[in-house]
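What follows is a single structure, written as structure tokens, with notes after it.
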Amino acid sequence: MRRDLCDGVGIARLLNATLVLPKFEVAAYWNESSGFEDVFDVDFFIQQMKGFVNVVKELPIEIASKDPVRVDCSKRKGQFDYVESVLPSLLKHGYISITPAMSQRRDRYPLYAKAALCQACYSALRLTNTLEKKALELLQAIPKPFLSLHLRFEPDMVAYSQCEYSGLSFASAKAIEAARVDRKPWTGETARIWRNRGKCPLTPNETAFILKALAIPTNTTIYLAAGDGLMELEGLTSVYTNVVTKSSLLSGEDFTTMHGNTKAALDYYVSINSDSYMATYFGNMDKMVAAMRAFTGLYKTIFLNRKAFALFTSQGLKGKELTEALWKVHRDDFIMGRGSALPDCFCEFNL
């Protein structure tokens, strides 16, 4: 949502349009009703965006009763030209709603649009005072130094990947099956190719193996940045014994009354301020955390290489041979700076 909001700012600047603060559509995932103002400091955001993009909290009365004209921007290939494809609809209807565009070429934005996007991403979005105070309290409670680990192995995540796993507990297998709906797992050669492309989430057990291959001491304090419903966690905690979570550090009352969005915001805050950050996936949160860490000069950021792990294990590598191969590939990834910053923001210029 943070990424989509920053993109929305850039697009609004491209179109010379006013941006209406978005409504969070998350009920389908987390069954909650939190809004923008529950996570971000609205007044600060609007103030910081002055001179870049005009932002309003609500629609003007004269168009508030109308449904927006929805414009599909979800093209997956090539550059999406908003001026050419979206501006005509905005000029015609005066009020439009756009879908996020995963394939945006932000590097081709004119400098004024890049400036607006960067201002939103790095300067204008801050947590509410209440939430930031809670995040700081959480950060201070974690023994230092610590590694923040973003682990993705929830039932919906595994179901979406269409990957099959052996050796899971009955409860995990049942939860995954319930989340699959019509997304049946790949089988045979297709399943092998899919896994070797790095499409399958790492299990906690596989994650622990890679961390050991990277010579991360097993007594390292690890803050687990993860959503509710994480499966097979004992595969990690049986090896790394100093694992802490939000639920273990916050009071029960604090934790149970928080929305999924605000819990995720705590993970984000802790992760951008951690001594080091590792992610088992290359998702939106990981990209945003890595970008902010790079922006503030924190470069100890590594993405665990699922593709390399799948390829090496499919080739029959085991034990010391597998450990050495994993260490080398992650060393090369780190030297190349893979994922250590978003290349599409250029913040070293003035308007």
Side-chain angles (χ1 to χ4, degrees), residues 1-7 9-10 24 26 39-41 45 100 102 104 106 117-128 131-132 134-136 138-142 144-154 157 198 201-202 207 210-211 214 216 220-228 230 236 243-246 249 258 260-306 330 333-334 336-347:
M1 289 183 290
R2 185 185 179 97
R3 183 213 66 188
D4 288 346
L5 179 63
C6 294
D7 284 344
V9 166
F24 288 171
V26 296
V39 179
F40 299 113
D41 186 330
F45 178 73
M102 301 293 288
Q104 284 191 77
R106 303 171 189 85
L117 191 152
C118 286
Q119 175 71 3
C121 186
Y122 294 106
S123 302
L125 279 175
R126 75 179 184 190
L127 303 181
T128 64
L131 190 54
E132 185 160 339
K134 184 62 62 181
L136 183 58
L138 177 59
L139 180 64
Q140 291 174 339
I142 304 172
K144 311 296 187 299
F146 74 97
L147 159 70
S148 179
L149 175 66
H150 190 207
L151 185 58
R152 300 298 311 274
F153 201 70
E154 303 92 349
M157 181 73 175
L202 291 169
T207 300
I210 298 176
L211 292 183
L214 299 182
I216 306 298
T220 299
T221 298
I222 296 178
Y223 173 80
L224 194 60
D228 298 334
L230 194 63
L236 174 69
V243 175
V244 297
T245 63
K246 297 182 293 295
L249 295 171
M258 295 185 75
N261 282 332
T262 47
K263 291 178 183 178
L266 293 182
D267 283 341
Y268 174 81
Y269 184 93
V270 169
S271 295
I272 64 174
N273 289 288
S274 60
D275 297 289
S276 53
Y277 178 75
M278 287 192 181
T280 62
Y281 209 73
F282 194 49
N284 292 316
M285 174 173 164
D286 305 314
K287 294 172 184 176
M288 296 299 289
V289 168
M292 187 59 75
R293 287 176 61 81
F295 184 67
T296 56
L298 297 171
Y299 294 107
K300 291 183 180 178
T301 305
I302 296 179
F303 295 93
L304 302 190
N305 196 319
R306 291 167 292 142
H330 284 88
D333 281 351
F334 185 75
M336 291 298 292
R338 179 177 178 270
S340 62
L342 291 178
D344 20 64
C345 253
F346 304 97
C347 304

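Numbers here simply count residues along the sequence, with the first being 1.
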**Message:** Show the nearest heavy-atom pair for residues Leu131 and Ala265, with the distance to one decimal.
**Reply:** CD2-CB, 3.7 Å
**Item:** Set of ring pair (Phe, Tyr, Trp, His ring centres under 6.0 Å) partners for Phe153, sequence neighbours left out
**Value:** Tyr165
**Message:** Quick one, His330 and Leu304 - any side-chain contact, counting heavy atoms below 4.5 Å?
**Reply:** yes
**Reported CZ-to-CZ distance for the pair Phe303 and Phe282, which is rounded to 0.5 angstrom** = 5.0 Å
**Inter-residue atom distance Thr280.OG1 - Leu151.CG, 0.5 Å rounding** = 5.0 Å
**Item:** Close side-chain approach of Phe45 and Val9, heavy atoms under 4.5 Å
**Value:** yes
**Heavy-atom pair with the smallest gap, counting every atom of Cys121 and Met288** = SG-CE, 3.6 Å
**Request:** Tell me, with the steps shown, if Leu127 and Asp41 meet side chain to side chain contact (heavy atoms under 4.5 Å, CB included).
**Result:** CA-CA 6 Å; Leu127 303 181; Asp41 186 330; over 6 Å; no
**Message:** Set out, in order, the CA-CA distance, both residues' side-chain angles and the distance that settles side chain to side chain contact (heavy atoms under 4.5 Å, CB included) for Leu138 and Val270, then state yes or no.
**Reply:** CA-CA 8 Å; Leu138 177 59; Val270 169; 3.8 Å; yes
**Prompt:** Taking C-beta and beyond as the side chain, do Pro201 and Glu154 meet within less than 4.5 Å on heavy atoms?
**Reply:** no
**Prompt:** Quick one: are Glu132 and Leu136 in side-chain contact, heavy atoms under 4.5 Å?
**Reply:** no
**Prompt:** Is there a donor-acceptor contact under 3.5 Å from the side chain of Ser271 to the main chain of Tyr268?
**Reply:** no
**Request:** Rounded to the nearest 0.5 Å, what's the gap from CG on Asn261 to CG on Leu266? Could you check?
**Result:** 11.0 Å
**Item:** By side-chain contact (heavy atoms from CB on, under 4.5 Å) - contacts of Asn273 (at least two apart)
**Value:** Leu139, Tyr269
**Asked** What's the spacing between Lys144 NZ and Thr221 OG1 if we round to 0.5 Å?
**Response** 9.5 Å
**Asked** Do Leu149 and Leu236 have side chains that get closer than 4.5 Å, going by heavy atoms?
**Response** yes
**Asked** Between Lys300 and Arg293, is a side chain to side chain contact (heavy atoms under 4.5 Å, CB included) present by the stated rule, with each step listed?
**Response** CA-CA 8 Å; Lys300 291 183 180 178; Arg293 287 176 61 81; 4.1 Å; yes
**Side chain to side chain, Met278 and Ile210, heavy atoms closer than 4.5 Å** = no
**Request:** Decide yes or no for Thr262 and Lys134: does some side-chain heavy atom of the first lie under 4.5 Å from some side-chain heavy atom of the second?
**Result:** no
**Prompt:** Do the side chains of Tyr277 and His150 get nearer than 4.5 Å, heavy atoms only?
**Reply:** yes
**Prompt:** Phe295 and Tyr122: aromatic ring centres closer than 6.0 Å?
**Reply:** yes
**Item:** Heavy-atom closest pair, residues Ala279 and Asp286
**Value:** CB-OD1, 3.3 Å
**Request:** Check for a donor-acceptor pair, side chain of Lys246 on one end and backbone N or O of Ala225 on the other, with a separation under 3.5 Å.
**Result:** no
**Request:** Taking all non-hydrogen atoms of both residues into account, name the closest pair between Leu147 and Ser276 and its distance.
**Result:** CD1-OG, 3.4 Å
**Request:** Grab the two heavy atoms, one from Arg306 and one from Gly198, that are nearest each other, plus how far apart they are.
**Result:** NH1-O, 2.6 Å
**Message:** Could you measure the distance from the CD atom of Gln119 to the CG atom of Leu125? Nearest 0.5 Å is fine.
**Reply:** 10.0 Å
**Asked** How many angstroms lie between CD1 in Ile222 and CD1 in Ile142, if you round to the nearest 0.5 Å?
**Response** 12.0 Å
**Fill in**
Minimal heavy-atom distance between Asp275 and Pro145, with the atoms involved, is OD2-CA, 3.1 Å
